[in-house]
Number of protein chains: 2
Amino acid sequence: MTLSEENYLKAIYHLGRDAKGAISTNAIAEVMATKASSVTDMIKKLADKGLVKYKRYQGANLTEDGRLYAISVIRKHRLWELFLVEKLNFSWDEVHDVAEQLEHVKSDKLIEELDAFLDFPSVDPHGDPIPDKDGNIQASAKVLLATLKTGEKGVCVGVKNSSRAFLQYLDRLEVSLGKELTVLGKEPFDNSIAIRVGDTAIHISSLAANNLYVKKL
Amino acid sequence: MTLSEENYLKAIYHLGRDAKGAISTNAIAEVMATKASSVTDMIKKLADKGLVKYKRYQGANLTEDGRLYAISVIRKHRLWELFLVEKLNFSWDEVHDVAEQLEHVKSDKLIEELDAFLDFPSVDPHGDPIPDKDGNIQASAKVLLATLKTGEKGVCVGVKNSSRAFLQYLDRLEVSLGKELTVLGKEPFDNSIAIRVGDTAIHISSLAANNLYVKKL
DNA sequence: AGTTAATTTTAGACAGAGCTAAAAATTTAT
DNA sequence: ATAAATTTTTAGCTCTGTCTAAAATTAACT
Ligand SMILES: [Mn+2]
Ligand SMILES: [Mn+2]
Ligand SMILES: [Mn+2]
Ligand SMILES: [Mn+2]
């Protein structure tokens, strides 16, 4: 499997998490920052290898083999991200690009030993679950902050969007995973949400609240 | 810089350590396990980038830029090898292939933090020096075991050949870096060398003795 | 339904890295 | 000093993964 094939599998997997039916060529092209024609070529190749199901003009879906392969790459990505934060002093907004490279290193021993070195962690620095060796993913009961009602409390457990801009914004707000917060109310004017984190009360935009996962308390 | 270009630079650097003048196309093809015609193409590309000096039919040499780039890749290789042994329970004969992949990951922060995480080590698991951030390489006073005379003592500090076969052979002989040994004598018949390591006396072939570095005591 | 718009696929090219076979240059032998 | 052998380069192909432009198909609108 080439680096490129692995990235396509990951992209199709992630798109499949949201969307219901088949994944469109255009959607894949969008997230891969490439052209639809290139996607068509690659999808055919992956279909030949039995990793995706594909019918002309009807989009693609991962086969079970493809799904497992995608998950194995995601496992590596998230373990490396955690390694970078835990052991090498990276911050959560610096790890993604490096993990994009490290996830393609081929060595079973490497990844299993890394897993052990990190003490078999269950989530990465962004709160995303780390699949186990066999591809099982621990589901967690997280909801978007935006869904909490006034007065409800939650603890931050993850981000939906892990762009540097959002992560650094959260840093400036001093919102980090593990922190408890309480919803004080919603502003009808712009749908922003007033929350209390520790001692301080802050306003968080609707967009931000729709990208921050919390576990209800 | 592509993965392939980095590998060529490393190969030319290592060949230059031994050989005196320019490095021949054939020699590079040999160590890269490729064909001379492919080497010619790549050398031209590297020459265009100012990383090697090249005159048709006259072989190649690294420029100062090329030398520094090669050393930076070797630095990464050796730091990763040490990481694998020290932190992830790899043995010294398992690390090379994985390090060949990891050495191409691009991130200055990654490698500097890895260096710090390992406590700024000076040698890799095979006794090879780890270049510092600026490309300086600590020279050490090692000599081949084969050069020791009867009665001389030394401590193992490195291997010249780090093939798995040789490393595993040393493991079976219970010869590892840091061990002290004494030369008991040479066998005229096959040039093998009798040595004492710890309590036990063993015979080591001439070939092996020409691939094991010791520091004289 | 019929036309227009959008999506998807095909056809043809290209850059990177490699190969084989043939030509050119250099080295070695007679 | 020639001829033979070896090394190196060139020419032409192949394989990935990408692109553009054009054709085919599907979706959206009167
Ligand atoms: Mn990531
Ligand atoms: Mn992540
Ligand atoms: Mn190595
Ligand atoms: Mn080494």
Side-chain angles (χ1 to χ4, degrees), chain A residues 1-13 15-16 18-62 66 69-70 73 100-101 103-106, chain B residues 1-13 15-16 18-62 66 69-70 73 100-101 103-106:
Chain A
M1 294 289 293
T2 68
L3 181 148
S4 208
E5 291 171 331
E6 292 186 343
N7 284 335
Y8 273 94
L9 289 180
K10 256 198 323 170
I12 298 170
Y13 177 85
L15 287 167
D18 312 321
K20 30 274 141 201
I23 313 304
S24 79
T25 302
N26 256 7
I28 298 168
E30 163 90 37
V31 312
M32 294 289 295
T34 182
K35 294 301 158 73
S37 55
S38 306
V39 174
T40 300
D41 286 347
M42 182 56 86
I43 284 177
K44 284 182 189 167
K45 197 189 312 182
L46 294 173
D48 286 345
K49 295 194 177 186
L51 298 166
V52 308
K53 286 189 299 286
Y54 165 64
K55 279 219 290 286
R56 276 163 78 250
Y57 291 99
Q58 301 310 133
N61 275 110
L62 294 180
Y69 200 105
V73 178
E100 284 291 310
Q101 300 179 65
E103 72 189 7
H104 302 291
V105 173
K106 267 84 175 174
Chain B
M1 292 288 294
T2 69
L3 181 149
S4 208
E5 291 171 332
E6 292 187 344
N7 284 336
Y8 272 93
L9 289 180
K10 255 200 321 173
I12 298 170
Y13 177 86
L15 287 166
D18 312 322
K20 29 273 141 204
I23 313 304
S24 80
T25 301
N26 256 7
I28 298 169
E30 164 91 37
V31 313
M32 294 289 295
T34 183
K35 296 300 159 73
S37 54
S38 306
V39 174
T40 302
D41 285 348
M42 182 58 87
I43 284 177
K44 284 181 187 166
K45 197 190 310 183
L46 293 173
D48 285 346
K49 295 193 177 186
L51 297 166
V52 308
K53 285 188 298 284
Y54 166 65
K55 278 220 290 286
R56 277 162 80 247
Y57 291 100
Q58 301 310 135
N61 274 112
L62 294 180
Y69 200 106
V73 177
E100 284 290 311
Q101 301 179 66
E103 73 189 6
H104 302 291
V105 173
K106 268 84 175 174

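Note on naming: letters A, B, ... go to the chains in the order of the sequence lines (proteins, then strands), and numbering restarts at 1 for each one.
OP1 or OP2 of C/dC19 lies within a sub-4.0 Å distance of a side-chain N or O belonging to B/S38. Contact annotation: A/S4 side-chain N/O to D/dT16 OP1/OP2 distance is not under 4.0 Å. Side-chain N/O atoms of B/K44 include one lying less than 4.0 angstrom from OP1 or OP2 on D/dT10.
Every residue two or more places apart in sequence or in another chain that forms a side-chain contact (heavy atoms from CB on, under 4.5 Å) with A/T40 is listed here: A/T25, A/K44, A/Y54. By the side-chain contact (heavy atoms from CB on, under 4.5 Å) test, A/N26 is found to be paired with A/S24, A/A36, residues two or more places apart in sequence or in another chain being considered. Qualifying salt bridge (charged side-chain N to carboxylate O under 4.0 Å, His left out) partners for B/E100, counting only residues two or more places apart in sequence or in other chains: B/K10. Judged as a side-chain contact (heavy atoms from CB on, under 4.5 Å), and not counting sequence neighbours, the contacts of B/A70 are B/L9, B/Y13, B/L62.
Look at CG on A/D48: it is 11 Å from P on D/dT16, rounded to the nearest Å. Between the NZ atom of B/K49 and the C1' atom of C/dA15 there is a distance of 12 Å, rounded to whole Å. Between the CD1 atom of A/I43 and the P atom of C/dT10 there is a distance of 11 Å, given to the nearest Å. If you take CD of A/E5 and C1' of D/dC15, they are 12 Å apart, rounded to a whole angstrom. Rounded to whole Å, the distance from CG on A/D41 to P on C/dT9 is 10 Å.
Checked by atom type and distance alone, the side chain of A/Q58 never pairs as donor or acceptor with a backbone atom of A/A22 at under 3.5 Å.
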Dump every N/O contact between nucleotides 4-8 of chain D and the protein below 3.5 Å, one line per pair.
{"from": "D/dT8", "atom 1": "OP2", "to": "B/N26", "atom 2": "N", "distance (Å)": "3.0"}

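Contact annotation for B/S37: base contact, defined as any heavy-atom pair under 4.0 Å involving a base atom.
Legend: salt bridge (Lys or Arg N to Asp or Glu O under 4.0 Å) pairs involving residues 49-59 of chain B, not counting sequence neighbours, sorted by first then second residue: B/E5-B/K49.
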